[in-house]
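Below is one structure, written out as C-alpha cells, with a few remarks after it.
Below, chains carry the letters A, B, ... as their sequence lines are ordered, and counting in each starts from 1.
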Protein chains: 2
Amino acid sequence: MPQADEVQNDASTRLAVSTVIFALRPDHTGRPVLWTPLVRRTREPQLGLWALPGGWLPPNEELEAAAARTLRLTTDLAPKYLEQLYTFGEVDRSPGGRVVSVVYWALVQSDEAARAAVGPNVRWVPADTLPGLAFDHNRIVDYALWRLRTKVEYAEIAHAFLGETFTLAELREVYEAVLQRPLDPANFRRTLLASGTLRETGERLAGAPHRPPKLYRYDSSARTAEAREPFTRERPAS
Amino acid sequence: MPQADEVQNDASTRLAVSTVIFALRPDHTGRPVLWTPLVRRTREPQLGLWALPGGWLPPNEELEAAAARTLRLTTDLAPKYLEQLYTFGEVDRSPGGRVVSVVYWALVQSDEAARAAVGPNVRWVPADTLPGLAFDHNRIVDYALWRLRTKVEYAEIAHAFLGETFTLAELREVYEAVLQRPLDPANFRRTLLASGTLRETGERLAGAPHRPPKLYRYDSSARTAEAREPFTRERPAS
DNA sequence: ACAAAAGTGTTATCAGTACACCCATGT
DNA sequence: ACATGGGTGTACTGATAACACTTTTGT
C-alpha cells in the first residue's frame with residue numbers, strides 16, 4: 001500500500017504477534033483476581049526472563065490466528081474472547097534488531113484455566129503484581145489491564161471468564177474482580193437484566209445452603225447495532 | 001519477543017504505515033462535513049486507484065513519526081491529533097505479497113486544510129461518500145470514521161479541527177458535522193464549560209451582525225486522570 | 001426597531017446509587 | 001428455626017434533554 005516513491009523496508013525489521021491472556025483465579029486469600037500466563041525466554045536476547053506468549057508471524061497465518069495459536073500452545077486453551085490490543089514498534093524496544101509486535105488480548109474461561117498446561121517454562125502470575133518482564137512487556141500488560149477494565153464497564157465481555165451458564169452472583173464476582181471494587185447485588189441484577197443480553201435457562205443451581213439462584217446464559221443477539229464494535233470477536237476461530 | 005522454538009519470519013511479509021486524515025470542509029450546500037485526502041497509486045498493484053497516504057516503514061523511524069511524515073508529505077500539514085487506529089494484516093489483502101499495515105488516524109486544522117497541497121496525485125474527498133479505493137482502504141476509512149464518531153462523544157478532540165481560539169458555536173459546529181445531528185446550543189454550552197477543558201481568552205469575536213461571542217482556548221491540563229488514555233497524543237511530534 | 005445569535009433559567013426525564021426489606025433453601 | 005445469599009421495592013442524586021426566555025450586537 002505504500003506510495004511508489006518510497007523505498008521498500010528490508011528484513012531488518014521483524015514482525016511478531018504476542019498475546020496478553022487473562023483468567024480469574026483465587027489469590028492467597030481466596031478472592032478471585034486476574035492472572036496471566038508468562039513464558040520463560042530460552043534464547044537471547046533477555047534469556048531467562050519471563051515474557052508474553054508470542055512468536056514471529058508466519059507468512060501465511062492471519063494475525064488473529066497467530067494470537068490464538070500461541071495461546072493454545074502455551075496454555076492448551078481456546079480463548080473465549082480475543083481482540084487486537086495495540087501494535088508496539090519503538091525502534092529500540094528490543095535489543096538485537098527492531099521488532100514490531102502486534103499484540104492481542106484474550107479472555108479464557110477460568111475453570112478451564114485452572115487445568116491449563118504449565119511447566120518449567122510456563123507460569124501463571126497475578127496480573128496486577130507482575131515481576132520484571134522482558135522487553136516492554138510490563139507496559140503492554142498494564143495497557144491490556146486498562147483496556148479490560150474500561151471495556152468491561154460498557155461491553156458485555158465478563159461472561160467470557162465463565163462457562164455456558166452462570167448465576168448473577170458469579171457474574172458479579174467477575175465484575176468485582178476485574179474492577180477491584182464491590183458492586184451492589186441488587187443494582188447489578190437490575191442493570192444486567194435490563195441490558196437484555198442475559199437469558200434465563202429455566203434451571204437453578206442447587207446444593208448451596210441457601211435459596212438456589214437462577215442460571216443464565218449470555219445472548220449476544222440482543223445487542224443493539226450501536227453497541228457492536230468492528231473487529232471484535234465473540235468466539236474466535238482458533 | 002518470539003518464543004525460541006519459533007521460526008523467524010522472512011522478508012515475504014512487508015510492513016507499512018498508513019494514515020487516515022480528517023479535516024472539515026464545506027460540502028456543496030455549504031455545511032461543513034468530513035473530508036479526507038487520498039493519493040493516486042503510481043505503481044502496481046492497483047495502479048491508478050486512489051489510496052490512503054502511507055509507505056513502507058523505514059527501519060529507524062518510529063511508527064507514529066512515519067504516520068506524521070506521510071501526512072506532511074501528502075498534505076504539507078502537521079496533525080493536531082494523531083493516534084494509532086488498528087493494524088490490518090489479512091494474508092490476502094494485497095495482491096503481490098503480504099503487507100501488514102499499521103494504520104493511524106489524524107485530525108488537522110480545517111482552515112489550514114483548505115490551503116493543503118494538492119496535485120494530480122493528491123485529492124480530497126468527502127469521507128462519507130468515498131470512491132472505490134485500493135486494497136481494503138474503504139473498510140479502513142469506515143473504521144476510522146466509526147472511531148472518530150464514538151470518540152468525539154467522550155473525549156475532547158473536536159478542538160483539533162479548529163485554531164488556537166474558537167467560539168462555542170464553532171466548536172458546536174464541529175460536533176454537529178462529526179456526529180451528523182444538531183445539538184442544543186444551550187445544553188452544549190453548559191456541558192462543555194462544565195467539563196473544565198475550556199478557558200476564556202477574555203476576547204470576543206466581533207464583526208458579525210449579532211452579539212459578539214466569547215473566544216475560548218482548549219486547556220488540556222484540566223482533564224482528570226481517568227479521562228486520560230494511554231498512547232494518545234495531543235500535539236504529536238512530527 | 002429589529003433580526004439573529006449569544007447566553008441564562010427552569011423543568012422533566014432517566015440512569016445510577018444506596019439501602020431497607022422480603023423470599024426460599026439446606027442444615 | 002435460622003442463617004444466608006437470592007431477589008424486590010423505593011427513594012435520592014446527578015447528568016442530559018427540551019425549550020422558554022433575556023441579552024447584545026450590526027444594520
Looking only at the aromatic ring of each residue, does the gap between the centers of A/F231 and B/Y143 stay below 6.0 angstrom? yes
Under 4.0 Å, counting only non-hydrogen atoms across every strand here, what does B/A208 touch: a base, just sugar-phosphate, or nothing? sugar-phosphate
I need the CG-C1' distance between B/L205 and C/dG7, as an integer number of Å. 15 Å
Side chain of A/N187 - closest among C/dA18, C/dG7, C/dG16: C/dA18
Quick check for you: among C/dA24, C/dA4, C/dA6, whose closest atom lies nearest to any side-chain atom of B/H210? C/dA4
Roughly how many Å is it from OH in B/Y175 to P in D/dT16, rounded to a whole number? 12 Å
Round to a whole Å and report the spacing from NZ of B/K214 to C1' of D/dT25. 15 Å
Of the listed C/dG7, C/dC19, D/dT25, the closest approach to the B/P212 side chain comes from D/dT25
Are any of the side-chain heavy atoms of A/L192 and A/H159 separated by less than 4.5 Å? no
Base, sugar-phosphate, or nothing for B/A169, non-hydrogen atoms under 4.0 angstrom? sugar-phosphate
According to the interplanar angle, ranging from 0 to 90°, do the rings of B/H137 and B/F135 count as parallel (below 30°), tilted (30 to 60°) or perpendicular (above 60°)? tilted
Quick check: any donor-acceptor pair below 3.5 Å linking the side-chain of B/R190 to the base of C/dG9? yes
What's A/A194 touching, base or sugar-phosphate or nothing? Going by heavy atoms closer than 4.0 Å. nothing
Between B/R204 and C/dG7, does any side-chain N or O lie under 4.0 Å from OP1 or OP2? yes
Drop me the distance from B/E156's CD to B/L171's CG, to the nearest 0.5 angstrom. 8.5 Å
For the pair made of CD in B/E170 and P in C/dG7, what is the distance, rounded to whole Å? 12 Å
Between A/E153 and A/R149, does at least one N-O distance fall below 4.0 Å, as a salt bridge requires? no
Nucleotide C/dG7, atom C1' - distance to CG of B/D184 in whole Å: 12 Å
Here the distance between atom C1' of D/dG5 and atom CZ of A/F188, to the nearest Å, is 15 Å
Taking CZ from B/R172 and P from C/dA6, how many angstroms apart are they, rounded to a whole number? 7 Å
Taking C/dG7, D/dT16, C/dG26 as options, the one with an atom nearest any side-chain atom of B/T191 is D/dT16
Between A/Y154 (OH) and C/dG16 (P), how many Å, whole number? 16 Å
I want to confirm an ordering. Mapping A/R211 and B/R189 to their closest nucleotides on DNA chain C, which one lands closer to the 5' end? B/R189
